[in-house]
Amino acid sequence: DLDLEKPLKLSYSGNHIRIHLPEFFERPVQMNMYDLSGRAYHPKVARGRNFLKFSVAGLHPGLYFVKVHSNCNGTARFVV
């Protein structure tokens with residue numbers, strides 16, 4: 001797991017979640033999303049230089065686990 005001095009930062013805007021990535025987080029970055037029963041969801045992810053952004057408009061209300069992974073820097077997990 002990734003040992004971050006500062007955790008990944010999330011921001012919400014309308015139906016979108018943006019994950020702000022630290023400068024040192026090496027690219028490429030992958031994102032996986034799962035509901036509580038373990039079903040994988042594959043939202044369309046917009047990738048910027050220092051962020052990932054995806055829509056939650058089509059998701060049912062509930063808890064989701066998000067995993068952000070970089071081959072060079074490790075993995076960060078959180079709940080949205």
Side-chain angles (χ1 to χ4, degrees):
D1 286 347
L2 184 60
D3 183 20
L4 295 172
E5 290 179 13
K6 296 178 183 176
L8 295 181
K9 200 169 138 184
L10 300 177
S11 62
Y12 303 91
S13 176
N15 288 328
H16 289 88
I17 294 178
R18 182 182 289 239
I19 303 168
H20 303 272
L21 303 171
E23 299 245 345
F24 66 85
F25 212 77
E26 296 289 330
R27 288 13 171 215
V29 176
Q30 300 170 347
M31 186 192 89
N32 300 71
M33 186 170 175
Y34 306 92
D35 66 11
L36 287 177
S37 67
R39 283 181 293 211
Y41 289 85
H42 306 285
K44 184 174 180 183
V45 178
R47 291 171 167 79
R49 181 174 172 198
N50 292 320
F51 71 87
L52 300 173
K53 180 179 174 183
F54 58 97
S55 174
V56 294
L59 298 177
H60 296 288
L63 292 176
Y64 293 86
F65 297 96
V66 176
K67 178 179 168 183
V68 177
H69 178 78
S70 166
N71 290 336
C72 298
N73 294 103
T75 302
R77 295 177 183 95
F78 50 92
V79 176
V80 292

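Everything numeric in this text was worked out from a predicted model, so none of it was measured. These numbers come from the heavy atoms of this one structure, side chains and all, not from hydrogens, waters or symmetry mates. For reference, positions follow the sequence shown, starting with 1.
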Answer with yes or no whether the hydrophobic clustering places [X] together with [Y]; edges join I, L, V, M, F, W, Y residues whose side-chain heavy atoms lie under 4.5 Å apart.
X: I17; Y: V45; answer: yes
X: L63; Y: F65; answer: yes
X: L10; Y: V29; answer: yes

Are any of the side-chain heavy atoms of V66 and I19 separated by less than 4.5 Å?
-> yes

Could you list the residues that satisfy side-chain contact (heavy atoms from CB on, under 4.5 Å) with R18, not counting sequence neighbours?
-> S11, H20, F51, K53

So salt bridge (Lys or Arg N to Asp or Glu O under 4.0 Å) across residues 30-43, not counting sequence neighbours, yields D35-R39

Measure across M33 and F54 and return the closest heavy-atom pair with its distance rounded to 0.1 Å.
-> SD-CE1, 3.9 Å

Nearest heavy atoms of S55 and P43, plus distance in Å | O-CB, 4.0 Å

What distance do N32 atom CG and Y41 atom OH have between them, rounded to the nearest 0.5 Å?
-> 14.0 Å

